[in-house]
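Structure, as structure tokens:
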Amino acid sequence: METSIKENLENITKKLGSTKLVVVSKTRTIQELEEVYGLNFKCMAENRVQYLLDRYEQLPKDIEWHLIGHLQTNKVKFIAPFVQMIQSVDSAHLLEEINKQAIKNNRVIDILLQIYIAKEETKFGMDEQEALEILNNNFEAQYAGVRIRGLMGMASFTENQTQVRSEFKHLKNIYDKLNSTLNNRNINYFDTLSMGMSGDYEMAIEEGSTLVRIGSAVFAVDKE
Ligand SMILES: *Cc1c(COP(=O)(O)O)cnc(C)c1O
């Protein structure tokens with residue numbers, strides 16, 4: 001059996017419905033990414049600032065770049081001029097720095113608050129209470145350089161489907177609560193729930209994901 005990036009993307013696209021796909025480009029070659037771009041998939045994500053900068057330099061400028069990995073405040077300035085969305089905002093401190101750099105660049109940067117939903121110790125993120133505190137605090141005026149578009153979360157790395165599903169449900173629940181709070185305040189741009197990767201995106205879509213971040217399932221190519 002032979003598969004290709006093109007077929008992988010076609011198969012994934014069939015399952016998306018209205019969910020948006022971000023192709024995770026980490027560890028892939030420029031040629032592979034050019035192929036994805038050539039197939040008209042122009043939304044890509046990196047988890048490291050240095051790689052994001054390298055790819056931005058080397059690939060066409062109409063790619064929409066997302067950052068999905070932990071971001072140190074001292075590196076925000078490097079990506080602020082061009083990044084479309086920072087999905088991995090895990091503290092109010094980081095949000096303040098993104099706001100500052102966005103304003104410096106005359107931009108408004110879309111961000112997601114990363115919520116900790118996994119059982120593992122190593123994953124970054126905030127809890128519901130921290131997210132609420134950020135969103136309650138007249139944030140539209142306080143953070144004029146960012147638009148808080150929604151939430152991002154990563155489920156545990158486990159074979160236990162029941163656990164993964166319950167983590168997605170938990171995140172969707174927090175998202176719905178925050179969304180209705182914001183709707184009551186006439187804020188209508190909170191519309192993104194980023195959950196689901198190669199191994200669990202179909203389940204994530206069932207549980208209400210609006211954006212999936214997929215790497216391996218796009219690039220896994222068998223030639224036999
Ligand atoms: C690597 C990565 C992904 C994509 O993982 P795959 O299993 O290759 O699809 C998604 N989200 C984050 C935050 C990642 O670091």
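Computation of the quantities below employed the complete heavy-atom set of this structure, encompassing side-chain atoms and omitting hydrogens, waters and symmetry-equivalent molecules. Order of appearance sets the numbers: ligands from 1, and atoms from 1 within every ligand.
Counting heavy atoms from C-beta on, the side chains of Arg147 and Ile109 never come closer than 4.5 Å. Looking only at side-chain heavy atoms (C-beta outward), Tyr201 and Arg213 stay at 4.5 Å or farther from each other.
Listed by chain and number, residues touching ligand 1 at under 4.0 Å (heavy atoms only) are Val24, Lys26, Ile68, Met154, Met197, Ser198, Arg213, Ile214, Gly215, Ser216.
Ring-plane geometry between Tyr189 and Phe139 is classed as perpendicular, the angle between the planes exceeding 60 degrees on a 0 to 90 degree scale with a lower cut at 30.
Figure legend: cation-pi geometry between Lys26 and Tyr51 absent, as NZ or CZ is not positioned both under 6.0 Å from the six-membered ring centre and within 45° of its axis.
Between Glu10 and Lys6 there is a salt bridge, since at least one side-chain N of the basic residue sits less than 4.0 Å from a carboxylate O of the acidic one.
The ring-ring contact (aromatic ring centres under 6.0 Å, His included) test applied to Phe41 returns no partner, not counting sequence neighbours.
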